[in-house]
Amino acid sequence: MASKLLSCSTIMMFAHALIPASDPCPEGKRCAILLADDDPDIRTIVRSFLERDGLEVVEAADGHEALAWLERRPFDLLLVDLLMPGLDGFGVLHALRTNEGGQGEPQSTRLPVVVLSSMAQQTHRNRVMAMGAADFVVKPVDPEGLYLTVRKHLTRHPSKSLGN
Amino acid sequence: MIWSPTSSVFGFSAVQVALAINVGLFLLSFATVLTIAGLHRHFQRGEKLQATLFARWRPLVAQYLAGGDLDPELKQGARKHPESFLDLTTKQALVLRGPTYVRLQTLVAVTGLSSWLRARLGSSSPKNVAEAARAMAVLHDEDSRDELRNLIHSRHTAVAFAAALALARIANAEDLRVLFRMLSKHTIDHQDLALLVLVACSESNPEQFATVAREQGPMATPEFNALVIEVIGHTQLQGVEDLLRQELLSPTSDEGQLKALRALGETESVDSARYVRQFLTCDRWEARAIAAWTVGKLGDRRSITTLRMLLADQQWSVRLNAACSLSSLGGPGMDALSTAARTAQDPFARDAAAHALGRTRQTVPIL
């Protein structure tokens with residue numbers, strides 16, 4: 001058991017080392033992540049992992065709040081749960097990709113979206129990927145792995161939120 | 001005696017007695033209302049306190065999980081309100097995995113709550129014991145093994161199954177034997193709970209699961225054996241072909257045999273196809289239907305001729321599974337299917353073939 005855990009930690013450390021040293025956000029600025037999840041435990045834990053590594057995190061408790069934040073200011077990445085009261089993750093993705101409901105931000109159609117979900121079925125994964133999600137992370141979540149996923153997509157889509 | 005306002009009881013007039021009863025009833029109602037309101041306020045205060053504690057602890061727990069130090073306030077708070085702290089950490093444990101999950105378990109240990117939980121397992125209240133065992137099931141406390149082994153024999157079902165689930169999460173081979181014996185007795189009355197515990201056993205110790213299943217099988221009830229086979233099929237446990245073949249050829253029950261037939265389809269064991277083939281022509285249509293699906297999953301091209309015949313079976317599920325398997329068998333299977341769709345005399349066969357040509361391979365057998 002101990003060796004198994006050790007190997008997990010070692011892999012995670014090694015994976016950290018694989019992330020390009022170049023910061024996707026220019027010096028002195030922080031990448032902004034919008035985290036939409038109705039579970040306060042997930043929000044607090046994920047936020048703490050992302051902030052530890054210098055990212056700025058804004059929390060939203062449901063889809064409507066997330067869209068309101070996206071109208072108010074730009075973000076570099078959206079982390080969204082699929083099952084939420086009110087407007088769910090599918091609704092947020094749909095609104096973003098079709099610019100519905102007045103989300104007229106030019107970046108909203110290009111904003112990388114990482115979906116978090118406890119619905120692990122391939123059909124859900126296929127559906128959100130077809131709707132334009134950049135990645136799909138299954139709950140229970142490994143915050144270290146999630147952090148690496150976020151960094152990967154931030155590197156692929158360099159910061160657009162800065163200078164606004 | 002006829003009552004009138006002037007009658008007297010123990011020296012009191014009837015009017016006085018009636019008045020006293022009314023006052024008494026009024027006071028009783030008033031006291032009841034006050035008690036309910038008090039209880040309501042008490043629970044509200046409890047919920048409010050819990051919400052306040054959660055809001056205060058969440059960032060401190062998150063900070064610890066992200067590699068920070070243990071905040072003294074968190075440690076003190078956890079010891080002062082252990083139930084609330086375990087409520088929070090048990091909830092968090094359900095949404096976490098990987099090294100962070102292990103760190104959460106460490107947090108419970110360093111706050112001294114593992115020993116608190118272990119002590120609670122010895123409580124006289126079945127409710128407390130069941131709750132503690134449920135927390136153990138999430139937090140995987142290896143030191144509570146002996147206590148859990150005793151508790152699975154509790155006469156309270158909630159306690160017995162919560163303890164069984166907690167033990168299943170940390171099960172070694174000996175624990176599996178104990179659990180198999182316990183579950184075998186309870187399968188008929190509590191099939192769903194038994195299934196839950198068995199799945200946890202197969203996930204926590206897949207290497208020993210099959211060994212113990214082989215060993216305990218002859219002593220277990222047919223219902224339990226069927227459940228074990230079902231778990232093997234669902235969890236896609238590998239290296240268990242011999243167990244499945246044994247159930248197939250010397251079944252403990254009809255249900256177990258069908259489940260073994262289906263589970264073999266998940267094993268990727270091409271050798272097993274020869275055992276499955278004989279069921280393609282079995283009298284029981286359920287067996288024909290599942291066998292038709294299984295030979296497709298195993299990629300057995302020697303079954304093509306029989307599958308082609310099954311396209312005209314009287315049962316639609318057999319026809320459809322046969323057609324889907326033919327489509328999944330590639331070249332010769334697709335050829336057989338195309339030919340059947342065009343030329344088969346039987347309209348059922350033509351329909352099944354045409355249907356399968358328009359869909360992808362089935363992941364579950366149609367029954």
Side-chain angles (χ1 to χ4, degrees), chain A residues 1-16 33 35 37-55 57 59 61 79 81-84 116-126 137-150, chain B residues 50-71 74 84-107 109 138-143 145 169-172 203-208 360-364:
Chain A
M1 181 75 174
S3 63
K4 197 174 166 187
L5 297 178
L6 180 66
S7 65
C8 272
S9 313
T10 315
I11 289 166
M12 294 314 295
M13 284 164 65
F14 184 61
H16 260 287
I33 313 292
L35 169 58
D37 197 311
D38 60 320
D39 182 344
D41 289 315
I42 287 266
R43 287 205 308 270
T44 319
I45 292 169
V46 171
R47 175 186 195 137
S48 137
F49 273 79
L50 298 182
E51 284 185 344
R52 180 190 67 181
D53 292 288
L55 303 173
V57 180
E59 294 179 25
L79 260 174
D81 182 25
L82 268 194
L83 287 181
M84 289 188 289
L116 285 170
S117 179
S118 49
M119 299 192 293
Q121 296 96 320
Q122 192 64 34
T123 47
H124 289 116
R125 184 188 289 263
N126 292 345
V137 176
V138 177
K139 288 182 186 174
V141 72
D142 170 13
E144 295 278 7
L146 180 64
Y147 165 74
L148 296 177
T149 306
V150 167
Chain B
Q50 177 123 323
T52 313
L53 290 174
F54 278 17
R56 200 186 304 160
W57 287 342
R58 262 190 203 108
L60 300 178
V61 172
Q63 176 195 313
Y64 178 81
L65 295 181
D69 291 332
L70 176 62
D71 192 294
L74 184 63
S84 298
F85 185 77
L86 281 168
D87 252 16
L88 179 69
T89 44
T90 307
K91 263 177 74 211
Q92 289 177 330
L94 294 173
V95 295
L96 291 174
R97 64 186 171 88
T100 315
Y101 175 82
V102 178
R103 200 157 163 80
L104 187 69
Q105 288 176 291
T106 314
L107 174 65
V138 177
L139 298 167
H140 299 204
D141 181 54
E142 305 234 357
D143 293 334
R145 191 184 301 277
R169 302 267 190 228
I170 54 169
N172 58 28
E203 284 172 350
S204 65
N205 199 340
E207 299 85 10
Q208 295 293 330
T360 52
R361 181 179 178 175
Q362 286 296 308
T363 51
V364 289

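Each chain gets a letter, A, B and so on, in the order its sequence line appears, and its residues count up from 1. Just so it is clear, the structure is predicted and the values come from calculations on it, not from any experiment.
- The side-chain contact (heavy atoms from CB on, under 4.5 Å) test with A:Pro143 singles out one residue from B:Leu96, B:Leu65, B:Val95, and that residue is B:Leu96.
- The heavy-atom pair separating A:Ser48 from B:Gln63 by the smallest distance is OG-N, 4.0 Å.
- Of the inter-residue distances, the one linking A:Lys139 atom NZ with B:Leu94 atom CG reads 12.0 Å to the nearest 0.5 angstrom.
- To the nearest 0.5 angstrom, A:Glu144 atom CD is 10.0 Å from B:Arg103 atom CZ.
- For chain B, the option among A:Asp41, A:Ile45, A:Ile42 with the highest count of heavy-atom pairs below 4.5 Å is A:Asp41.
- Interatomic distance, CD of B:Gln92 versus OG1 of A:Thr44, reported as 7.5 Å (0.5 Å rounding).
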